[in-house]
Number of protein chains: 2
Amino acid sequence: MSIVIDIVFETPPTLPAAASIIIGVAFPQRVKMSDVARTAGVSVATVSKVVNGRYGVAAATVERVQQVISQLGYEASLGAQSLRSHRTNVLGILVAEFEPFSTELLKGASKEVAGTGYQLLAYSSGDGGGTSIGWERRSLARLSGTLIDGAVIVTPTVVETKQDFHVVAVDPHTGPSGLPTIDSDNFAGAVLATNYLLSLGHRRIGHLSGRPDLESARLREAGFRKAMADAGVAVDERLVRVGGFRVESAEAPAFELLSLPDRPTAVFAGNDLSAISTMDVARGMGLSVPDDLSVIGFDNVPESALVNPPLTTITQPLQRMGAEALRLLVDLIAGVERSTHIRLPTELVVRSSCRPFPPPPRASLPLTVRPT
Amino acid sequence: MSIVIDIVFETPPTLPAAASIIIGVAFPQRVKMSDVARTAGVSVATVSKVVNGRYGVAAATVERVQQVISQLGYEASLGAQSLRSHRTNVLGILVAEFEPFSTELLKGASKEVAGTGYQLLAYSSGDGGGTSIGWERRSLARLSGTLIDGAVIVTPTVVETKQDFHVVAVDPHTGPSGLPTIDSDNFAGAVLATNYLLSLGHRRIGHLSGRPDLESARLREAGFRKAMADAGVAVDERLVRVGGFRVESAEAPAFELLSLPDRPTAVFAGNDLSAISTMDVARGMGLSVPDDLSVIGFDNVPESALVNPPLTTITQPLQRMGAEALRLLVDLIAGVERSTHIRLPTELVVRSSCRPFPPPPRASLPLTVRPT
DNA sequence: ATGAAAGCGCTAACAA
DNA sequence: TTGTTAGCGCTTTCAT
């Protein structure tokens, strides 16, 4: 008896009942493949075949299903799709945080991805302060295998390479591991920066380095020391401090540097953010940049041009680095044979935060016209 | 008989066989929950409970499972997790493309998300040229319901609001629908820009508008006309052209504008990118900005300060808009009662692309010092 | 040419 | 306290 009742309640799968059609019509919810199937009067398997362009579906059926798809506005769920197929045509860019550096890379990658058939998914672990190390590993574990077909990781500390999953690192914290890598010539850039300050006549030059565990930071400091040595200028170790690469972390060491009785006449900051921080600190101490202190940065993030005075800095081709990273990733996935280490050049960008030392005699320019 | 054979081949679920342990040890692949379960000698259900902090697991078990998790470096798959639980603690930001405008919003959102417990996932449809309309609908359909708990959509044309899924629009193309919205005071900003040009003495002022189907473009043009009318200056309709909001789309109309026999002495471009485009076109025609032509933009993307001459523009607090959008979304999800329409103020940023008209007599400043 | 059924990695009833 | 079971929405054999 009870068996009979059960059968009455269950809709036999062979009968796409009238009730289904009613449901299919009024559907304010997310429309899923089963909705398409029901409305088109076919199975989900058939819809899947149509969606993925598989063979073995009658032309008429394809037609009808596609009709329903566009009518219902169906779009496959990325989550479900990837869980099953392990192929999504989505590439990931994993960052700790969306700040000037990573967003410039993003712009470059975004341009490059056009026409490749991939879409871009940028994922921020939300770990701005670098408090929890291993964000790159966690983000990767969370997204790889499902969701994305490959990843660009920005300034990772460590990345164990999973098999069957392609990863390229941009500006990794440790030196070239086996990982495909894009970076810029940090060493040469640092030499460039230091030589510029030297050429302006500075001799007491300070350096605000990044954390010593970062490869780029190490290289920039090494470049600084090399240029100083080549110029025969001794480095005063009290003028070399760890500034980290963030605005907040640079404040204290910058203050210490500028509080020294014989403070430096110029500072080479490890990156633009710490340079900007240094300028802020200087201003707070009543020092004028560049009159009392020359400051040079590194990176050339857009923000460096927006501060007052505009920051003289070393430019890395950030957008191009993002583009190259994306291209490398695409090639890797496609199995293209190519070199997997790309180093891009750096260049000096002179703006207004540096001045010769000692300062030239200040001429008072007679102002003949004062615009309203 | 055959039944007996079947039973022999199937591993009884009550016996986590020795074979499993071997597999569990050497595992270079992505580690999944079942691996953790096997290694810890519990069921996946128990692991799930531990991962999600559910009650009803012995302290000792929790301990052991957590041990294994960190030892194996297990991280839940976003795809699988969201497919099942419909709750991911990930918020999406949907953009057509990662360009200066959207990346500024991203920076603001990224700062705001810290401490909310959410992570950020920015998704680019890859539709830069605006070729395929409806990218926002497609991206949303692809990610909502799974993967993300809510979304911020940047400059959407249309968005049908799904039930049970929160969406906030930033600078939507159409006027305020029912959708929660963040935008800036486009009208007031346009008045500001126009008044500035008028105050410099300009009367023949051109306007390069956005596409008329965009609300922000309409408002900016309306503000322009209002300011002109209030100043009693007639708008020459030949000086008003559709520039679109992109560098490429602005080139032709800018050229037309500047080729006019009585070309404008100043141009108010609908946004920074078209202003930059206008400056390029002017340069190509041998016109000097600001000497022969004043140009003012709108948005204040970082790039506007990087061009030569630096662009005078109207600033929208882009990062703050991103932050407000994110906060609104979080509140919406949390069910907080609050206003769902936020309009932020615009401001004039004077840089170097505008000059009084007619130009003041050019005084030749005697250069007494020329720095090397 | 089409559909039934299994299963991707996970969560949530419910049983034990 | 723990495990069994049934799916989430999709793809993919394998029958039919």
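Following rounding to the nearest Å, B:Ile69 (CD1) and C:dC10 (C1') show an atom-to-atom distance of 13 Å. Summarising the geometry, the separation between CZ on A:Arg38 and P on C:dG3 is reported as 14 Å, rounded to the nearest angstrom.
Environment of CD in B:Gln71: crowded, with over 12 heavy atoms of neighbouring residues, nucleotides or ligands closer than 6.0 Å.
The shortest non-hydrogen separation linking A:Val113 to A:Thr116 is O-OG1, 2.6 Å.
Residues that satisfy the side chain to side chain donor-acceptor pair (under 3.5 Å) test with A:Ser102, not counting sequence neighbours, are A:Glu99.
Taken from CD1 in A:Ile333 to CZ in A:Arg87, the straight-line distance is 6.5 Å, to the nearest 0.5 Å. Taking CG of A:Leu147 as the start and CG of A:Leu78 as the end, the distance is 6.0 Å to the nearest 0.5 Å. Atom CG of A:Leu94 sits about 10.5 Å away from atom OG1 of A:Thr155, to the nearest 0.5 Å. A:Leu332 contributes atom CG, which lies 13.0 Å from atom CG of A:Asp149 (distance to the nearest 0.5 angstrom).
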In B/S/- notation (B base, S sugar-phosphate only, - none; protein heavy atoms under 4.0 Å), nucleotides 7-16 of chain D written 5' to 3' is BBBBBB----

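For C:dC10, the OP1/OP2 oxygens have no side-chain nitrogen or oxygen of B:Ser82 closer than 4.0 Å.
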Determine whether A:Val65 and A:Val42 satisfy the following criterion, side chain to side chain contact (heavy atoms under 4.5 Å, CB included), listing intermediate values before the conclusion. CA-CA 8 Å; A:Val65 169; A:Val42 295; 4.0 Å; yes

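Axis orientation changes by 50° from one end of the helix from C:dA1-D:dT16 to C:dA16-D:dT1 to the other, with each end axis drawn from 5 pairs and the value rounded to 10°.
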